[in-house]
Amino acid sequence: DQQVKQNSPSLSVQEGRISILNCDYTNSMFDYFLWYKKYPAEGPTFLISISSIKDKNEDGRFTVFLNKSAKHLSLHIVPSQPGDSAVYFCAARRAGNMLTFGGGTRLMVKP
Amino acid sequence: DVKVTQSSRYLVKRTGEKVFLECVQDMDHENMFWYRQDPGLGLRLIYFSYDVKMKEKGDIPEGYSVSREKKERFSLILESASTNQTSMYLCASRVQGRAFFGQGTRLTVV
């Protein structure tokens with residue numbers, strides 16, 4: 001039972017345009033959400049996070065939106081750059097301070 | 001910067017071998033984790049540890065064990081490697097909400 005789902009395994013976007021990566025969750029007890037970025041042959045690196053008491057958090061080109069009623073979060077990257085091409089994982093924090101990860105979305109930004 | 005180091009980037013082992021994956025962190029974090037990453041399944045938690053000598057099962061502990069004799073080192077052990085344990089293994093240490101990952105070990109069991 002996947003409690004955190006990323007329904008799009010891949011996404012292709014033109015350089016300069018907006019990338020929108022989506023994530024859905026089922027557990028209403030999740031209280032903190034994170035996005036990680038992973039390049040091939042490297043470990044994931046933290047990108048941005050949001051507490052469940054907020055609905056938006058912004059950091060430079062990256063913005064995360066949280067819709068608690070829909071149990072949905074999204075990551076917006078504007079403008080997208082070729083260096084953003086990577087696999088993006090969303091993660092949610094559950095009881096016991098554990099993180100549950102989604103399946104990942106591969107973003108390809110074309111020059 | 002937090003540094004999490006995994007001892008091997010690539011490993012090839014035979015079925016039935018005992019395999020040790022080592023992970024060291026340099027930030028005195030109490031919490032350490034082992035995940036495996038498989039296509040479409042994301043990162044799944046195998047084991048975690050809150051402190052020295054403490055260990056807890058994650059979501060998929062079967063076929064694995066762990067050792068935490070020192071705070072900075074967390075080892076994942078495959079008692080008898082099987083082909084379905086071929087995967088990317090990621091170690092992480094964590095403070096508050098954020099996890100810091102090692103570079104990963106790509107294990108192939110033949």
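Every chain is numbered from 1 and lettered A, B, ... according to where its sequence line falls, protein lines coming before strand lines. Nothing here was measured: the structure is a model prediction, and the numbers come from that model.
- If you measure heavy-atom distances from B/Glu56 to chain A, you find no contacts under 4.5 Å at all.
- Residue with the most contacts toward chain A among B/Gln103, B/Met88, B/Arg9: B/Gln103 (heavy-atom pairs, distance under 4.5 Å).
- The two residues B/Cys23 and B/Val4 have their closest heavy-atom pair at SG-CG1, 3.6 Å.
- Side-chain atoms of A/Ser28 and A/Lys71, non-hydrogen and from C-beta on, do get closer than 4.5 Å to each other.
- Within residues 57-66 of chain B, the residues having any heavy atom closer than 4.5 Å to a heavy atom of chain A are B/Asp59, listed by residue number.
- When the heavy atoms of residues 50-62 of chain A are compared with those of chain B, none of the residues falls under 4.5 Å.
- Aromatic ring pairs are classed by plane angle as parallel below 30°, tilted from 30° to 60° and perpendicular above 60°; the pair A/Tyr36 and A/Phe46 is perpendicular.
- Only the side chain of A/Leu34 comes within less than 4.5 Å of a heavy atom of chain B; its backbone N, CA, C and O stay farther away.
- Proximity of the aromatic rings of A/Phe33 and A/Tyr25 is defined here by a centroid distance below 6.0 angstrom, and this criterion is met.
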Practice task
Give the C-alpha distance, both sets of side-chain angles, the deciding distance and a yes or no for side-chain hydrogen bond (donor to acceptor under 3.5 Å, both in side chains) between A/Gln3 and A/Thr100.
Solution key: CA-CA 7 Å; A/Gln3 296 188 43; A/Thr100 300; 5.5 Å; no

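- The two residues B/Arg94 and B/His29 come nearest to each other via the heavy atoms N-ND1, 3.7 Å.
- Side chains of B/Thr108 and B/Thr86: no donor on one and acceptor on the other come within 3.5 Å.
- Of the two parts of B/Ala99, the backbone and the side chain both hold a non-hydrogen atom closer than 4.5 Å to a non-hydrogen atom of chain A.
- Contact annotation for residues 102-111 of chain A against chain B (heavy-atom separation below 4.5 Å, listed by residue number): A/Gly102, A/Gly103.
- For B/Arg44, no part lies near chain A; criterion is any non-hydrogen pair under 4.5 Å.
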Exercise for the section: Any chance you could lay out the side-chain hydrogen bond (donor to acceptor under 3.5 Å, both in side chains) test for A/Ser69 and A/Asn67, step after step, and finish with the verdict? Expected result: CA-CA 6 Å; A/Ser69 60; A/Asn67 182 334; 2.8 Å; yes

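- Taking a cutoff of 4.0 Å between a charged side-chain nitrogen and a carboxylate oxygen, B/Asp28 and B/Lys71 qualify as a salt bridge.
- Every residue meeting the side-chain hydrogen bond (donor to acceptor under 3.5 Å, both in side chains) condition with B/Gln6, not counting sequence neighbours, appears here in chain and number order: B/Thr105.
- Across all non-hydrogen atoms, the minimal contact from B/Asp26 to B/Lys3 is OD1-N, 2.9 Å.
- The heavy-atom pair separating A/Val64 from A/Trp35 by the smallest distance is CG2-NE1, 3.5 Å.
- Nearest heavy atoms, B/Glu79 versus B/Lys18: OE1-CE, 3.4 Å.
- Only the side chain of B/Leu90 comes within contact range of chain A, with heavy atoms under 4.5 Å apart.
- Residues A/Ile18 and A/Ile77 fail the side-chain proximity criterion, which asks for heavy atoms closer than 4.5 Å.
- Proximity to chain B (any heavy atom under 4.5 Å) is shown, for A/Pro44, by both the backbone and the side chain.
- Close placement of the B/Phe48 and B/Tyr50 rings is indicated, their centers lying within 6.0 Å of each other.
- Note: B/Phe101 and A/Phe101 have perpendicular aromatic rings, judged against thresholds of 30 and 60 degrees for the angle between ring planes.
- One finds a salt bridge joining B/Arg36 and B/Asp38 here, because a Lys/Arg side-chain nitrogen approaches an Asp/Glu carboxylate oxygen to under 4.0 Å.
- Taking chain A as the reference chain and counting heavy-atom pairs below 4.5 Å, the highest number among B/Tyr35, B/Tyr10, B/Phe33 is found for B/Tyr35.
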